[in-house]
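Some notes on the structure that comes next.
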Amino acid sequence: LCGRQRNRRFFLSLQDLALFRCHDWRQFVTDHFAKKHSPILLSHLQFIFCGLLSIAVSMMIETTVIGNIGLAWAALAYSGIVSVGVGYTLQVVAQKNAHPAHVAIILSLETVFAAIGGILILGETLEPRALLGCSLMLTGILVSQIPLRYFVKSWGQTKRTQIQSD
């Protein structure tokens, strides 16, 4: 979906950008409601809404064969129970007491964690471009956590040293 290639060039489509925005809004809505309501109830409501919406979209744009659902039951059960059921529930519970900016930073590493999991668990390999992207994301997040006062303090000391030497 994200980062498709057209004529060997990387690009993002309008759908990719819409997906990013939906992910951001889900974080904001979860942060707002998790502080006021039970995180478990909120997680259940997200799970039900996501399931119903997925079924509706599937009926409109896909040809679903009931026999194929039976063949894919293990993958469907894993993604439904572990990924959505456990993962999103833990996320909502943790997000209840966390600062929204910290949550956004941690969740932005979701693709990096997925890539690491794919390498460790599934034995997948990443192209140098993907490794560079993961490295840049991780570096950006780590740099964003350095308190600004360290930069301001060192810049001020450098400026004073230059003024004194002149």
Side-chain angles (χ1 to χ4, degrees), residues 1-4 10-126 130-148:
L1 177 66
C2 295
R4 292 170 285 203
F10 179 79
F11 76 98
L12 291 174
S13 69
L14 185 60
Q15 292 90 351
D16 296 330
L17 297 175
L19 178 68
F20 294 146
R21 293 292 98 203
C22 288
H23 189 269
D24 291 344
W25 278 105
R26 189 184 65 78
Q27 283 179 238
F28 294 135
V29 169
T30 301
D31 179 63
H32 176 75
F33 286 109
K35 292 182 182 357
K36 298 178 180 183
H37 302 286
S38 165
I40 303 298
L41 174 64
L42 181 59
S43 179
H44 282 112
L45 291 174
Q46 283 182 345
F47 188 75
I48 291 168
F49 181 76
C50 180
L52 292 174
L53 188 63
S54 296
I55 289 171
V57 170
S58 172
M59 292 174 119
M60 288 188 291
I61 64 172
E62 295 178 0
T63 304
T64 304
V65 179
I66 301 299
N68 290 344
I69 294 174
L71 295 173
W73 73 268
L76 291 171
Y78 175 80
S79 64
I81 294 168
V82 176
S83 297
V84 178
V86 175
Y88 282 153
T89 301
L90 292 176
Q91 176 186 333
V92 172
V93 170
Q95 195 169 347
K96 181 176 184 171
N97 298 317
H99 190 276
H102 297 161
V103 171
I105 288 172
I106 292 168
L107 291 179
S108 68
L109 280 175
E110 183 178 5
T111 54
V112 175
F113 291 133
I116 292 169
I119 291 168
L120 296 177
I121 297 170
L122 300 176
E124 294 181 355
T125 57
L126 293 179
L131 288 172
L132 176 65
C134 288
S135 301
L136 288 173
M137 286 177 64
L138 184 59
T139 302
I141 288 171
L142 292 175
V143 168
S144 75
Q145 292 303 299
I146 297 173
L148 187 59

Atom pairs and distances, donor-acceptor, side-chain atoms in residues 52-59, under 3.5 Å, two or more places apart:
residue : atom : partner : partner atom : Å
Ser54   : OG   : Cys50   : O            : 2.8
Ser58   : OG   : Glu62   : OE1          : 3.4
Ser58   : OG   : Thr64   : OG1          : 3.3

Next on the checklist: Are the side chains of Ile69 and Ile66 in contact, using a 4.5 Å heavy-atom criterion?
Outcome noted: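 Heavy-atom side-chain distance check passes, below 4.5 Å.
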At what distance, to the nearest 0.5 angstrom, does [atom1] of [X] lie from [atom2] of [Y]?
| X | Y | atom1 | atom2 | answer |
| --- | --- | --- | --- | --- |
| Ile81 | Phe47 | CD1 | CZ | 7.5 Å |
| Leu41 | Gln46 | CG | CD | 10.5 Å |
| Leu136 | Ile141 | CG | CD1 | 11.0 Å |
| Leu76 | Leu71 | CG | CG | 10.5 Å |

Checklist outcome for this item: Tightest non-hydrogen contact, residues Ala115 and Leu126, listed as CB-CD1, 3.8 Å
Item to check | Lys96 to His37 - nearest heavy-atom pair and separation | outcome: NZ-O, 4.3 Å
Checklist entry - Can you check side-chain contact (heavy atoms from CB on, under 4.5 Å) on Ile119 and Ile116, steps first, answer last? => result CA-CA 5 Å; Ile119 291 168; Ile116 292 169; 5.6 Å; no
Item to check | Side chain Ser43, main chain Pro39, donor-acceptor under 3.5 Å | outcome: no
Checklist entry - For Ile40, does the CD1 atom sit with more than 12 other heavy atoms under 6.0 Å from it, leaving out its own atoms? => result yes
